Amino acid sequence: MRKSIITAVATLSVATAWAGGEVLYNGITLPEQWPPRYAEPAEAAQMPVPYLQNKPAVIPINVGRQLFVDNFLISQTDLVPTYHNPDFYPGNPVLEPTEEWENTTEGAPYAAPFSDGIWYDEKDGKFKMWYLAGAGSIHKQDKQTFYTGYAESTDGEHWVKPQLELVKGTCLVDTANRDAATIWLDRKETDPAKRYKMFNVERRPTDRRWQFILKYSPDGIHWSEGVAQSGDLYDRSSAFYNPFRDVWCLSMRYGTKVSSRSRSYSENKDPETLVSMAHRVRKGIPDKNVVYWFTPDNLEPRHPNHPEVNPGIYNFDAIPYESIMLGQYAVWQGPENNICEKLGVQKRNEICLGYSRDGFHFSRPTHVPFLANDTTDGAWNWGNMQSIGGVPLIVGDSLYFYCSGRRLNDIMWDSYTSTGLAKLRRDGFVSMGTNGAKQGSLTTEPISFDGEYLFVNADLGSKGAEMTVEVLDADGNPIPEFSDKNAVAMKKLNSTKQLVSWKGSDSLAALKNRPVRLRFNLTKGGELYSFWVSPWKTGESRGYTAGGGPGLSPTGVDQPN
């Protein structure tokens with residue numbers, strides 16, 4: 001039985017430094033110097049992911065569903081991964097510019113998040129969206145002025161723009177002249193007035209340079225004045241929260257020899273301190289708080305009509321999902337703005353995914369766009385697609401991914417933004433299957449858990465497809481009562497939450513906090529997406545539920561309500 005076919009990326013250049021720091025929820029030990037400091041590369045290369053090459057001796061799996069998005073959990077397998085893409089909602093776009101005030105002074109329409117945020121607020125029972133809106137009919141002095149609009153929905157598919165009091169006749173909630181923004185529903189915040197946080201990239205009125213301004217809101221509609229400001233920034237910067245380490249993080253545009261569209265990183269437990277210490281970095285002088293993060297790598301997708309253009313990372317958003325940080329890369333493929341304007345076309349940005357277990361290093365097992373442009377006539381996402389904060393939302397057995405796109409138009413080449421929806425199976429990023437073989441298996445690394453009930457997300461609906469699960473000791477020897485002989489075969493089912501059982505038992509209580517391995521045995525046609533051990537027979541994972549969803553806990557953690 002061969003090692004997992006999922007290939008780990010390049011080794012950490014300073015491997016000797018990788019010891020002695022914080023131990024994470026999944027057993028990964030961070031280096032004493034954190035965040036790590038890498039030299040800026042001279043050429044595009046994949047990001048190192050140290051924990052895939054130096055795994056913990058035992059991996060605790062007490063937090064969240066365990067996903068096969070890399071080889072972290074896998075010791076041996078002859079199963080093959082399939083990378084899945086979501087299906088675009090046939091009613092797209094779900095939000096588009098419909099109001100005159102959403103146009104710029106040039107008449108260019110905008111109504112889509114530029115990071116911003118789409119969240120489900122369990123306390124209000126509403127889907128909520130914040131978006132970049134043109135403000136030409138309101139702010140006539142500047143043809144490229146943008147404000148922040150708000151929309152809401154009861155089902156995530158049909159959205160309305162409520163009339164609000166800030167600017168009569170509009171759904172505007174903030175009128176600062178802005179570029180990108182991040183609106184974050186902070187489910188852990190104890191001060192009701194700070195439940196929503198806005199990291200707004202605003203123009204300074206004195207010199208029109210960009211800077212972060214942090215604002216608070218109890219409801220996402222009524223916002224405070226700025227409570228913290230950054231130094232000078234580049235545009236298209238964003239923010240996210242990493243609950244695994246309880247830190248706020250900034251993803252900032254940064255220039256390197258590889259690309260002017262690279263990223264820098266900063267973190268702090270206090271969002272006001274984080275914003276206050278953000279700024280551009282002067283080359284050759286190390287900064288205490290801001291570090292180089294990553295460049296576009298050598299496998300980025302390229303523009304089919306401009307293959308000579310070296311891709312860049314236009315933006316990077318991240319969010320906790322179950323047991324990982326999920327990253328969304330807006331991969332810029334060109335051409336440059338002046339060429340786009342000359343040709344009357346839009347830049348090509350598509351969204352790719354990455355996955356992290358330490359919040360800094362992201363594995364990218366595939367560079368096939370997760371959300372891709374549609375260059376057919378009239379498509380809402382012909383070009384310049386952008387990721388959105390808060391995404392995905394969990395709606396039943398589906399993940400709702402939203403993104404912005406731009407429609408080809410004759411008004412202004414880089415305009416006409418709309419918002420679209422795509423749906424993916426819950427945990428449905430990667431499945432492990434036999435790839436046509438009659439059978440196959442996957443054995444995990446040594447794991448430990450403090451729960452009792454083993455669940456899987458699996459599709460065993462195909463004819464003849466079935467799965468059994470064995471529990472082995474740390475050395476790989478079957479534990480008799482949980483051996484394949486005693487396993488109850490699962491078949492003729494397609495479930496995102498299926499309890500696993502053995503003859504006479506469905507409880508793993510006797511194995512709590514003991515290093516064991518799991519072996520999943522699949523027959524042809526079966527697909528395994530994830531597994532986890534829950535304290536509850538109802539199967540909640542204790543993982544993070546990203547942007548939330550109907551019926552989920554308002555804590556942002558998958559637990560009984």
Side-chain angles (χ1 to χ4, degrees), residues 86-103 109-135 146-174 178 180-185 196 198 217 219-223 317 319 328 351 371 374 378-382 384-396 398-407 415-424 546-552:
D87 296 318
F88 279 110
Y89 173 60
N92 280 336
V94 296
L95 189 89
E96 59 184 328
T98 56
E99 310 300 321
E100 182 181 354
W101 59 264
E102 291 174 317
N103 299 339
Y110 291 83
F114 205 40
S115 280
D116 287 275
I118 298 180
W119 298 83
Y120 184 82
D121 191 332
E122 289 85 6
K123 290 188 175 181
D124 292 346
K126 291 181 181 178
F127 295 80
K128 299 181 177 182
M129 176 194 302
W130 293 262
Y131 68 95
L132 179 88
F146 298 101
Y147 291 164
T148 303
Y150 168 81
E152 58 189 29
S153 171
T154 58
D155 62 6
E157 296 176 351
H158 305 89
W159 293 80
V160 297
K161 303 171 184 176
Q163 291 200 5
L164 303 173
E165 66 262 25
L166 182 64
V167 178
K168 183 177 288 188
T170 77
C171 63
L172 292 173
V173 294
D174 190 82
R178 52 159 285 195
T182 301
I183 288 82
W184 201 271
L185 171 52
Y196 285 92
M198 177 190 291
S217 171
D219 55 11
I221 295 174
H222 304 90
W223 290 92
D317 286 316
I319 193 167
Q328 297 188 61
I351 298 168
L371 297 165
D374 178 358
W380 66 272
N381 58 335
W382 193 96
N384 199 353
M385 295 176 69
Q386 299 285 332
S387 57
I388 297 174
V391 168
L393 280 63
I394 301 172
V395 183
S398 297
L399 299 180
Y400 278 24
F401 279 88
Y402 296 88
C403 62
S404 69
R406 307 199 186 201
R407 190 187 304 269
S415 72
Y416 210 130
T417 68
S418 299
T419 308
L421 165 64
K423 299 181 182 181
L424 183 74
L552 298 178

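Quick note: residue numbers are just sequence positions, from 1. What you see is a predicted model, and the numbers here were worked out from it, not measured in a lab.
The backbone N or O of G549 lies less than 3.5 Å from a partner atom in the side chain of E122, making a donor-acceptor pair. Distance alone, capped at 3.5 Å, is enough to place a donor-acceptor pair between the S217 side chain and the H222 backbone. Remark: side-chain polar atoms of N103 are not paired, donor with acceptor, to backbone N or O of W101 under 3.5 angstrom. Side-chain N or O atoms of D124 include none that pairs as donor or acceptor with a backbone N or O of D121 at under 3.5 Å. Using a distance-only test at 3.5 Å, with no hydrogens or angles considered, a donor-acceptor pair links the side chain of N92 to the main chain of L421. Of the possible donor and acceptor atoms, one in the side chain of Y402 sits under 3.5 Å from a partner among the backbone N and O of G156. W119 places no side-chain N or O within donor-acceptor distance of the main-chain N or O of L393, the cut-off being under 3.5 Å. R407 places a side-chain N or O within 3.5 Å of a backbone atom of G378 that can act as its donor or acceptor partner.
In this structure, the ring of Y196 has its center less than 6.0 angstrom from the ring center of W130.
Summarising the geometry of D116 relative to L132, their closest heavy-atom pair is OD2-N, 3.8 Å, with the distance given to 0.1 Å. Scanning all heavy atoms of the two residues, the minimum distance from D317 to S387 falls at OD2-OG, 2.7 Å. Minimum heavy-atom separation, A112 to Y131: C-CB, 3.5 Å. Closest heavy-atom contact between P392 and L399: CB-CB, 4.1 Å. Closest heavy-atom contact between E96 and S418: CB-OG, 3.4 Å. Pairing each heavy atom of G220 with each of Y150, the nearest pair is O-CD1, 4.5 Å.
Judged by distance alone, the side chains of K128 and S153 never bring a donor and an acceptor atom under 3.5 Å apart. Donor-acceptor pairing under 3.5 Å is lacking for the side chains of E102 and Y147.
Side-chain contact between C403 and M385 is present, with heavy atoms from C-beta onward closer than 4.5 Å. In this structure, the side chains of T417 and P97 stay at 4.5 Å or more apart for every pair of heavy atoms. Looking at W380 and T419, their side chains never come closer than 4.5 Å, going by heavy atoms from C-beta outward.
A distance of 8.0 Å separates OG1 in T170 from CD in Q163, rounded to the nearest 0.5 Å. In this structure, S404 OG and L371 CG are separated by 10.5 Å, a value rounded to the nearest 0.5 Å. Here I388 contributes atom CD1 and I118 contributes atom CD1; the two are 4.0 Å apart, rounded to the nearest 0.5 Å.
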Exercise for the section: Using the side-chain contact (heavy atoms from CB on, under 4.5 Å) rule, take W159 and M129 through it: C-alpha gap first, then chi angles, then the decisive distance, then the call. Expected result: CA-CA 9 Å; W159 293 80; M129 176 194 302; 3.5 Å; yes
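In this structure, R178 is not positioned above the aromatic face of F146 in the sense of NZ or CZ being under 6.0 Å from the six-membered ring centre and within 45° of the axis.
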